[in-house]
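For reference, the structure discussed in these notes is given below.
Letters A, B, ... are given to chains in the order of the sequence lines, protein chains preceding strands, and every chain is numbered from 1. Predicted model, so just to flag it, every value in this text is computed and none were measured.
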Amino acid sequence: MILYCCEDKAFPVFGGKQKIGRRTDMEKKYEAQAIEGKWQKKWEEEKTFQVTEDPEKEKFYSLEMFPYPSGNLHMGHVRNYSIGDVVARFKRMQGYNVLHPMGWDSFGLPAENAAIKNKVHPVEWTLSNMDNMRRQLKSLGISYDWDREVATCLPDYYKFTQWSFLQLYKNGLAYKKKAAVNWCPSCATVLANEQVVDGECERCHTAVEKKNLSQWFFKITDYAQRLLDDLAELPGWPQKVKTMQENWIGRSTGVEIDFKVENSDQTISVFTTRPDTVHGVTFMVFAPEHPLVEELVAGTEYEGAVKVFQKKMQHLSAVDRTSADLEKEGIFIGKYVINPLNGDRIQLWITNYVIMDYGTGAVMGVPGHDQRDFDFAKKYGIDIKVVITPPENPQLKAEELAEAYVEEGNLVASGRFDGLNNKKAIEAIADDLSERGLGRRVVNYRLRDWLISRQRYWGAPIPIVYCEKCGTVPIPEDQLPVLLPTDVEFKPGGASPLKTSKSFMDATCPICGHHATREVDTMDTFVCSSWYYLRYTDPKNEAEAFQREKCDYWMNVDQYIGGVEHAILHLMYSRFFMKVFYDLGFCKAKEPFRNLLTQGMVLKDGTKMSKSLGNVVSPEAIIEKYGADTARLFILFASPPEKDLEWNDAAVEGCYRFLNRVWRLVLAQAENKDTAYDIAALSKEDKDVRRKIHATIKKVTDDISERFNFNTAISAIMELNNTLAAYGEKEHKNSALLKEGFDALTVLLSPFAPHITEELWQRTGHTTAIIDTPWLTYAEDALAVDEVEIVVQVNGRLKGKLMAPCGLDKGGLEDFVKSSEIFAAQTKGVEVKKIVCVPDKLVNIVVTPKD
RNA sequence: GCGGGCGUGGCGGAAUUGGCAGACGCGCCAGACUUAGGAUCUGGUGGGUAACCGUGCAGGUUCAAGUCCUGUCGCCCGCACCA
């Protein structure tokens, strides 16, 4: 006989009895799934969360990063959307007109890979995934206005992604150029700089190669300075994210200096942040792929060797090429340039440590004062010149250097700048160079233009045709969308699948009507997600991407919530789009997201949940077992939102038990119709309970709205529950007060566990839904106390506690303590040096032994 | 290498402004109800017999430090030959 098993049927002997008991308890038992289904159906049918613009009401736009429809919700989603739902429901109960939409970032590679693998069209695969995930999302009971759902892969959406492209194109912000771009051989497409992580594709971790291709770019570099400056207008963003963007933009101020090539009219410009070291230049280095190299070396005895070196560099992977550990290597190319300040003859080299696409691709070598140049010069026996000396050693010689001298100091061997402090010399020499036309002050950014072309099918087609007569021609706006064709072959690797579509390729020029070929690349999916928050404000508009009035009513997003992994990519691209749209007069918002919350990861056994590790906890299984309310409660309770969260099955059980306890205790009040009580007539114990109720209202409100500390909000609710449970057992209890307490508890819990609280609210006789109940405000008078506990310390160590009247000032408190027994006991035989009093809190008696 | 963050019971975490360290939950222990417990309820639970000791470690400031300062170790994240 199986005695202890999970199923009811495992109690063959006593099962019958058990079941009878249960049947009569049916109404009483907490049946999470039934309750959740009931309310979700109601919300859907009554369109509870549908919103429209209402100028009478203050708006609140609460947004969570929309998911890629991979097929199944994972715990990271559950966390993201649970956090967002607390904010949205809370703000709504506070009376805001809350916009809380959801949609799908539904273009992208996995759909196409699935198409190659399973012979399913990407659209089918994607739409069925969306259906499944929509169902899963609904089973979580998130308060979305589903009428505003958008999917970036549908023509009514990507029509306006294409329209956005055209706006950028018309304004000179989209251009095509041939460049050495990042190519992921596994994804068979190019990648933006931001999508290359440690030289690898951020998606599949394949080593990225360099390819020379003609590709479309967005001119995000035009906005570098504003993207940097406006970070200051985002106090509601985590500093960490702002710092990451700052670093990514990488502003650097310096001077571009022109060096004349010996026996030639040519000049070579270099960028430097250290013009104070120009007199110490002993060589100049080019990036191997610098276009001037070929010209300079042509016909010289060095030509062959240089070509060999260039080839070698080309074959290095991007990882190795940019690694700081890579041994510096270079080769002299047989030419010299002239130092504009002192006329020195300087050797020209090419090297692996100079990057072509930063600055000018050429760098002046100052081995005395730059460690990289020092390493290089040592290796190849190039002269080292000291031009800055430390104040304590003004005679510093190059031979003494074990490494480059990079600290502050005074200039030597620098002509009329000798003796000048080098910080001042930076300015002085920069001015001198500018005045004499030998250079100019410039600002450089690390940020590069955004490469948006992708050699893939499942993305928004770039609305461009190439006409033999008219050249590159944009599709007129009234002819959008350029639809994705269906007669496409999906083959692994290779060129853009769109090339295989006859119907797509065969186009006519919108200007001259002659034959034209279409652009076959599609747009990076980050283009689609750079403006979706705007589409939510007017999702059904067929004529425009969004109506300005609607956009201006809802924007900015008041609270944006998502993973920190988007700190640069998505968040910077979105900021860029917003600024372009602002400049073009489409909206009044300059920044998309006023406040940003970056949630931590959900871990299991200390690491990220992943299929390959087999440590995935399925949200659906948890919902099936405990219900959505338990899942949400656990995820919000276990850790503050920004921190990583360790999944713990036992702790989930704990949350389930808590909800069951709430269920029983609140239902026990179902027949309690007492509502009024006389505050003046409350006993001390009653007052303590009333204080707890109102202190909890205050704490939960503060924790949700000011700190996003949902874990402490929930623990406060648990405390209130414990207090009320104990109070309910008392003989002399005030039932109206008890009722007030449980009502408050139900309301406070509702943003976290919306279904069970809605059900309890109804069962305890309320006729309006809890979601339509105004959020609670606490009564100031309830928080007041007559007596406070004063901590008594001696020399900073806790010695005891003392009840004292509330509100005593320092002097009053000191007098009060001096007359206490504990004071007498603690000061016996010692000398009191000082008494520190903190009103209503603490007294510290400083004593020394009597001698 | 540079920049940022974090180190608190067996575990997740709390301590919001320098003022009782360990709220709340998990786990564990004991008890109640029970043929039974995995349900539910009650009590206990940092270490130490105690004085006391305890927030990674070592100093410092202060009447008072998890919180501030200096140094150091460890972990995590971002950037990384950016001239």
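A donor-acceptor contact under 3.5 Å is not formed by the side chain of A:K841 with the base of B:rC20. For a distance-only test at 3.5 Å, the side chain of A:K328 qualifies as a donor-acceptor partner of the base of B:rC81. Checked by distance alone, A:N844 brings a side-chain donor or acceptor within 3.5 Å of a matching partner on the base of B:rC63.
Heavy-atom neighbours of A:K242 NZ from other residues, nucleotides or ligands within 6.0 Å: above the threshold of 12.
We find that CZ of A:F658 is positioned 10 Å from C1' of B:rC24, with the value rounded to whole Å. Whole-Å rounding puts the A:L745 CG to B:rC24 C1' distance at 14 Å.
A:Y358 has a side-chain polar atom (N or O) that falls below the 4.0 Å cut-off from OP1 or OP2 of B:rA83. Under 4.0 angstrom from either OP1 or OP2 of B:rG25 there lies at least one side-chain N or O belonging to A:N722. Of the side-chain N and O atoms in A:K240, none sit less than 4.0 angstrom from OP1 or OP2 of B:rG4. Contact check, A:N711 against B:rA14: a side-chain N or O comes under 4.0 Å of OP1 or OP2. Distances shorter than 4.0 Å separate some side-chain N or O of A:R657 from OP1 or OP2 on B:rC26.
The listed nucleotides are B:rA80, B:rG19, B:rC81; the one nearest the side chain of A:R446 is B:rA80. The listed nucleotides are B:rA23, B:rA83, B:rU16; the one nearest the side chain of A:K699 is B:rU16. When distances are taken from the side chain of A:F271 to each of B:rA83, B:rU40, B:rC52, the shortest belongs to B:rA83. In the set B:rG13, B:rG19, B:rA15, the nucleotide with an atom closest to the side chain of A:L842 is B:rG19. The side chain of A:R661 approaches B:rC41 more closely than any other nucleotide in the set B:rC24, B:rC20, B:rC41.
Between A:H290 and A:F286, the ring-plane angle classifies as tilted under the 30° and 60° cut-offs.
Annotated as anti: B:rG54, whose O4'-C1'-N torsion sits more than 90° from 0.
With no hydrogens or angles considered, no side-chain donor-acceptor pair links A:Y353 and A:E329 at under 3.5 Å.
For A:N422 (side chain) and A:E408 (main-chain N/O), no donor-acceptor pair under 3.5 Å exists by modelled atom type.
The 5' end of RNA chain B is approached more closely, in terms of each residue's nearest nucleotide, by A:F637 than by the other of A:F637 and A:T272. Where A:V363 and A:D702 meet RNA chain B, the nucleotide closest to each residue was compared, and A:D702 sits on the side nearer the 5' end.
Rounded to the nearest Å, the gap between the C1' atom of B:rG56 and that of B:rG5 is 16 Å.
Base pairing of B:rU72: its partner is B:rG56, meeting the Watson-Crick or G-U wobble criterion (both donor-acceptor distances under 3.5 Å).
Aromatic ring centres of A:F283 and A:Y380: separated by at least 6.0 Å.
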